[in-house]
Amino acid sequence: MTPGDASQLAGRLSGAGRWRLPSRALLRLRAAASGGDVAVVCFAFSLAAGVLCRGVALPAALAVCLTLATLVYPAGLLVLTRRRTWALLVLLVASSTVVGPDPAWTLGPFGISLQGTLAGAGMVMRALIIIVAVMGLVSTVPIDRIGGVLEHAGLHGLGFAVGVAFNLLPLIERSLVTSWHAMRLRAGLRRPFTAMRLLLVAAVTSSLRCADEVVLAAEARAFDPSARRASRFVWRRRIVPLALALAVVLVALTGMLH
Amino acid sequence: MRLSLKELTIVAALGALWGSVEMTLGAFLHVLHVPFTGAVLGSIGICIALVGRVVVPRPGSTLSIAVVAALLKALSIGGVVLSPMIAIVMEGLLADAVLSLGGRPRRTTFALAGAAAVTWNTLHMVLIQGLVFGAGVIRMYMIMVQKAAALLHIPTASVVAVLIVLVAGHVVAGALAGLVAWQAGRSVVARRALVEIDAGEPS
């Protein structure tokens with residue numbers, strides 16, 4: 001999805017002029033979201049809301065999370081335009097209705113349970129909250145920044161590894177196909193178990209050869225992955241008010257139960 | 001865990017290999033709705049990650065390979081990739097935990113690591129759906145199993161037996177993947193040592 005598509009979708013969702021946030025504030029928020037930290041905070045909030053909210057709090061949580069998604073990562077809402085998503089959700093409600101306890105009515109061989117329908121609707125709302133948040137995070141924050149989040153969590157050098165892996169993909173795929181054809185032409189597939197083991201060794205060896213070339217090139221340029229800062233994930237201080245506000249909303253939503 | 005430049009690049013290359021298998025063969029098998037796709041892909045993937053553990057014998061290397069593969073899976077052209085991404089990371093995590101707790105690398109620990117990783121696939125769907133949809137979905141599955149058993153006139157215990165056979169099949173596939181990885185990893189290390197001696201740069 002291109003940034004153009006995302007803004008087009010956001011325009012469509014905001015009612016094409018019926019109601020609009022001040023465009024400058026919206027643009028500033030979207031720019032902050034692409035930095036990563038705003039999107040990660042909103043994602044964490046949505047995940048927590050989806051897991052912690054129950055009963056009447058769930059529709060409210062869904063409304064808050066969809067509003068956040070519209071403002072911060074509208075690309076995540078694209079998942080709602082897929083027919084497959086809705087088919088899955090309808091199937092979930094239908095099966096929950098049929099297998100639910102104390103059926104109120106019967107429809108042919110099936111019993112219709114109101115309790116089951118409500119439980120199914122709850123599941124659908126939770127699923128929507130989580131799916132939109134995940135798709136939003138993945139489509140808004142660049143993959144090297146997501147690698148940066150993991151690096152921040154202690155998996156050092158992962159941002160570099162993901163970058164190298166991404167660039168090695170076509171080379172590795174080509175060598176995998178070449179090894180497969182070579183083995184097939186030499187009738188190596190007659191003994192499938194041995195063939196698979198040999199194919200694995202060939203694929204791993206050629207991948208390691210590619211890795212050696214990358215290491216040589218990197219060492220020749222005195223490259224140090226731990227000194228790389230450009231793609232590191234940075235928490236900015238201005239994120240604190242947003243995180244606090246969302247924490248208050250979460251407490252209010254979970255408190256709706258009591 | 002801090003890996004050197006060389007180790008990081010090896011992790012990246014093997015992560016890319018696992019990722020490319022997931023993106024090509026994985027997409028193909030998912031489109032064809034081949035049964036036990038998770039077990040097949042999990043066995044191949046964990047085999048690659050365990051070979052990586054032989055080449056980079058450091059705690060966390062298997063998990064790093066899995067994380068790289070999972071992040072590459074995010075670029076897959078397929079629709080929903082979140083569930084496979086979580087499965088890949090969990091497989092790497094389980095294999096790494098078993099290898100780290102098992103001490104010195106041995107054939108047995110590799111077989112156990114492979115078995116633990118691939119067996120995750122049997123629990124994955126239920127656990128992930130439980131996490132996303134809530135505990136209600138697991139209750140729903142249990143009721144469905146009971147109703148299906150009643151419909152087919154077979155005792156519920158038979159359904160449980162089928163599930164046990166399914167888990168046992170995954171354990172065997174994973175253990176085989178671990179053993180193949182142990183053998184293949186040693187072949188790869190030997191081959192690399194020969195190449196380095198030929199090139200006059202002993203490791």
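Throughout, a chain's letter reflects where its sequence line sits, starting with A, and its residues are numbered from 1. As the structure is a computational prediction, the values presented were derived from the model and not from experiment.
Within the 4.5 angstrom heavy-atom criterion, atoms from both the backbone and the side chain of A/S95 approach chain B. Residue contact with chain B, scored on non-hydrogen atoms closer than 4.5 Å, is absent for A/V79. Heavy-atom distances place the side chain of B/S187, and not its backbone, under 4.5 Å from chain A. Within the 4.5 angstrom heavy-atom criterion, only side-chain atoms of A/D212, from C-beta onward, approach chain B.
The minimum heavy-atom distance linking B/A16 with A/L169 is given by the pair O-CD2, 3.5 Å. Listed here is the closest heavy atom pair of A/V215 and B/K6: CG2-CA, 3.8 Å. In terms of heavy atoms, A/S207 sits closest to B/A13 at O-CB, 3.5 Å. Across every non-hydrogen atom of A/A165 and B/A12, the tightest pair is CB-O, 3.4 Å.
Taking CG from A/L176 and OG from B/S20, the interatomic distance works out to 5.5 Å, rounded to the nearest 0.5 Å. For the atom pair OG1 of B/T9 and CD of A/E219, the computed distance is 8.5 Å after rounding to the nearest 0.5 Å. The distance from atom CG of B/L14 to atom CD1 of A/I172, rounded to the nearest 0.5 Å, is 7.5 Å. With rounding to the nearest 0.5 Å, the separation of OG in A/S175 from CG in B/L17 is 7.5 Å.
Contact of the A/M196 side chain with the B/V180 side chain is not registered, since no non-hydrogen atoms from C-beta on lie closer than 4.5 Å.
Ranked by non-hydrogen atom pairs under 4.5 Å with chain A, the options B/I48, B/I10, B/V21 are led by B/I10.
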